[in-house]
2 protein chains.
Amino acid sequence: MMQSKTISDIVIGRMPLYLRALQRMLNEQRQIASSQELGKRLGISAAQIRKDLSQFGEFGKQGTGYHIDYLVNKIQEILQVDRVWDVALVGAGDMGHALASYQGFNHRGFQIKLIFDNDPEKLGSYIGDYKVMDIADMNEEIHKAGIKIAMLAVPAAGAQEVANRLIKAGIKAVLNYAPVNLKVPVGVYVQYIDPAIHLQRMTYYLKSENDL
Amino acid sequence: MMQSKTISDIVIGRMPLYLRALQRMLNEQRQIASSQELGKRLGISAAQIRKDLSQFGEFGKQGTGYHIDYLVNKIQEILQVDRVWDVALVGAGDMGHALASYQGFNHRGFQIKLIFDNDPEKLGSYIGDYKVMDIADMNEEIHKAGIKIAMLAVPAAGAQEVANRLIKAGIKAVLNYAPVNLKVPVGVYVQYIDPAIHLQRMTYYLKSENDL
DNA sequence: TAGATTGTTAATCGATTAACAATC
DNA sequence: TAGATTGTTAATCGATTAACAATC
């Protein structure tokens with residue numbers, strides 16, 4: 001099966017932003033949005049939004065704009081979040097706890113189903129409804145559950161090793177909170193979250209003019 | 001004061017990645033790195049790395065590569081993380097707790113100095129060494145401390161309002177964990193962290209070929 | 001000297017924007 | 001019909017890559 005046209009990752013990266021903004025508008029009882037309005041909310045040009053969406057189909061109406069609920073459905077289909085993905089969480093430290101209790105996954109296509117750690121003190125304890133399991137059982141449990149997505153919230157030193165084992169267990173997408181670049185085979189996707197990296201990206205612009 | 005040459009944000013965005021990888025190499029007792037090796041670690045082309053670095057100066061030696069400690073110092077200067085920035089944290093929920101106890105800021109240029117929340121139950125309690133203060137006192141406290149950077153870990157509904165107040169208090173850079181786009185004036189910088197967005201960006205690629 | 005790698009230029013590639021016919 | 005906004009094409013803009021002289 002071949003994709004008729006490859007869509008660039010930069011476009012894919014904007015789709016979740018469109019989705020989030022549109023869902024917010026739905027909450028505000030809005031029915032219709034124009035590319036212009038959506039663009040204004042997101043700080044993205046209207047032309048860009050129309051171009052991006054047009055890669056996937058014709059979702060709007062000339063003279064009117066986009067029906068929000070229809071477009072939300074379409075983007076959910078495109079991103080395959082018109083279903084709920086089970087997710088494995090590795091690392092039951094502070095960040096792991098925060099992720100496990102995060103309410104934001106609920107209506108956005110994800111639910112944590114398995115939690116692992118290697119600290120004997122933590123094993124068997126509960127985070128929310130889920131028991132912290134031994135990392136040694138990870139391969140078996142992930143396979144059994146058929147889980148494809150993992151969040152990695154372990155210390156930097158062990159991250160690559162844990163990632164390797166996750167991939168062996170069938171994981172295809174990793175959200176990595178450890179401050180290291182992971183080497184992964186093709187067909188496995190990684191996204192990185194490192195607050196220090198994000199902060200360092202802003203300090204460059206904090207020139208003295210702003211310090212007055 | 002004018003910058004002789006404007007450097008694109010996409011280049012700025014890669015500098016913290018170079019820094020992190022180089023610091024890691026320092027930890028591994030490495031002294032010298034070539035653009036090729038660094039590129040391999042990061043999945044970035046060697047030409048790109050040389051081009052990026054050359055925007056800021058000539059940091060390498062032909063035939064040899066880059067002295068890691070020298071380059072680390074230079075990038076720290078460029079990003080202005082050759083100092084420690086005080087940071088205010090707003091929101092003492094699970095994510096706030098995780099950020100407050102995160103060890104990763106330590107040697108990367110940041111330390112949390114003030115923590116705010118609006119929940120009367122939390123006010124006065126301690127997270128690590130810091131007392132949770134009333135959001136009502138935010139303006140005064142941030143001004144007094146001269147803090148320019150904030151991390152925003154409050155629910156979506158209140159985020160824009162809190163951001164407005166942070167900006168009034170003199171904040172110039174916001175690391176936003178709330179799942180909303182913030183409207184901010186020019187001269188204020190925002191970075192976004194939303195785990196659901198990152199996950200949604202990967203599910204697109206999780207096509208059925210991978211589900212076998 | 002021979003080998004390696006930088007810094008930089010020119011060529012390529014890709015993304016964004018502007019503009020407008022189509023049409024609701 | 002008049003006004004508005006899409007989807008799309010062509011033009012512009014910017015980023016990446018390839019290649020190589022300079023030089024350690």
Side-chain angles (χ1 to χ4, degrees), chain A residues 3-19 21-22 25 30-75 77-78 201 204, chain B residues 3-19 21-22 25 30-75 77-78 201 204:
Chain A
Q3 219 170 356
S4 52
K5 174 181 42 173
T6 295
I7 290 161
S8 87
D9 184 61
I10 207 167
V11 172
I12 302 302
R14 281 191 293 260
M15 299 303 286
L17 299 174
Y18 299 160
L19 179 58
L22 290 163
M25 291 174 84
R30 302 288 313 283
Q31 311 242 333
I32 286 180
S34 67
S35 59
Q36 187 163 92
E37 184 188 1
L38 188 56
K40 219 161 158 192
R41 291 201 174 213
L42 290 169
I44 293 175
S45 80
Q48 175 115 87
I49 290 172
R50 292 202 302 278
K51 191 111 210 273
D52 286 352
L53 294 176
S54 75
Q55 310 245 9
F56 300 99
E58 310 194 351
F59 304 136
K61 293 219 190 312
Q62 282 105 323
T64 307
Y66 301 89
H67 276 91
I68 298 175
D69 60 355
Y70 177 76
L71 186 53
V72 161
N73 266 276
K74 283 300 181 182
I75 297 179
E77 275 175 34
I78 291 163
R201 195 177 170 151
Y204 171 79
Chain B
Q3 221 171 356
S4 52
K5 177 180 41 176
T6 295
I7 290 160
S8 89
D9 185 61
I10 207 167
V11 172
I12 301 302
R14 281 191 293 261
M15 299 303 286
L17 299 174
Y18 299 159
L19 179 57
L22 290 163
M25 292 176 83
R30 302 288 314 284
Q31 310 242 332
I32 286 180
S34 66
S35 59
Q36 187 163 93
E37 183 187 3
L38 187 55
K40 219 162 158 189
R41 290 201 175 213
L42 290 170
I44 293 176
S45 80
Q48 175 116 88
I49 289 172
R50 293 202 303 279
K51 190 110 210 275
D52 286 351
L53 294 175
S54 74
Q55 310 244 10
F56 300 99
E58 309 195 352
F59 303 136
K61 293 217 191 313
Q62 282 106 324
T64 307
Y66 301 88
H67 276 92
I68 298 175
D69 60 356
Y70 177 75
L71 186 53
V72 161
N73 266 274
K74 283 300 181 183
I75 297 179
E77 276 174 33
I78 290 163
R201 194 179 170 149
Y204 171 79

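Chain naming here is simple, since letters A, B, ... match the order of the sequence lines and numbering starts at 1 in each.
Counting non-hydrogen atoms of other residues, nucleotides and ligands closer than 6.0 Å to CD of B/E77 gives a total above 12. Other residues, nucleotides and ligands place no more than 12 heavy atoms under 6.0 Å from the CD atom of A/Q36.
What separates CD of A/Q55 from P of C/dG14 is a distance of 13 Å, to the nearest Å. With rounding to whole Å, B/D9 atom CG is found 12 Å from D/dT16 atom P. Rounded to an integer number of Å, the gap from B/R14 CZ to D/dG14 C1' is 12 Å. Atom P of nucleotide D/dG14 and atom CD1 of A/I10 are separated by 14 Å, given to the nearest angstrom. Between the CD1 atom of B/I44 and the C1' atom of D/dT17 there is a distance of 14 Å, rounded to whole Å. If you take CG of B/L38 and P of C/dA4, they are 20 Å apart, rounded to a whole angstrom. Taking atom CD of residue B/Q48 and atom P of nucleotide C/dG14, one finds them 14 Å apart after rounding to whole Å. We find that CG of B/L71 is positioned 11 Å from P of C/dT6, with the value rounded to whole Å.
Rounding to the nearest 0.5 Å gives a distance of 13.5 Å between CG of A/L22 and OH of A/Y70. Atom CE of B/M25 and atom CG of B/D69 lie 12.0 Å apart (nearest 0.5 Å). Rounding to the nearest 0.5 Å gives a distance of 9.5 Å between CG of A/D9 and OH of B/Y204. Rounded to the nearest 0.5 angstrom, B/I78 CD1 and B/L71 CG are separated by 8.0 Å.
Between B/S45 and D/dT17, a side-chain N or O to OP1/OP2 separation shorter than 4.0 Å is present. For A/S35, no side-chain nitrogen or oxygen approaches OP1 or OP2 of D/dT5 to under 4.0 Å. The shortest distance between the side-chain N/O atoms of A/S8 and the OP1/OP2 oxygens of C/dG14 is not below 4.0 Å.
Nucleotides of DNA chain C nearest to A/T64 and A/V11 differ in position, and the one nearer the 5' end is that of A/V11.
Base pairing in DNA chain C yields stems of at least 3 consecutive Watson-Crick or G-U pairs, both distances under 3.5 Å, namely C:3-24 with D:3-24.
When each of A/Q48, A/K51, A/R50 is checked for a side chain to side chain donor-acceptor pair (under 3.5 Å) with A/S35, only A/R50 meets the rule.
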Output a table of nitrogen or oxygen pairs between the protein and nucleotides 7-9 of chain C separated by less than 3.5 Å.
unit_1	atom_1	unit_2	atom_2	d
C/dG7	OP1	B/F59	N	3.0
C/dG7	OP1	B/G60	N	2.8
C/dG7	OP2	B/Y66	OH	2.6
C/dG7	O3'	B/E58	OE2	3.4
C/dG7	N7	B/R50	NE	2.9
C/dG7	O6	B/R50	NE	3.4
C/dG7	O6	B/R50	NH2	2.9
C/dT8	OP1	B/E58	OE2	3.4

Worksheet item: Between B/R14 and B/I49, is a side-chain contact (heavy atoms from CB on, under 4.5 Å) present by the stated rule, with each step listed?
Response: CA-CA 9 Å; B/R14 281 191 293 261; B/I49 289 172; over 6 Å; no

Practice prompt. Verify side-chain contact (heavy atoms from CB on, under 4.5 Å) between B/L53 and B/Y66, making sure each step is shown before the conclusion.
Written response: CA-CA 11 Å; B/L53 294 175; B/Y66 301 88; 3.8 Å; yes

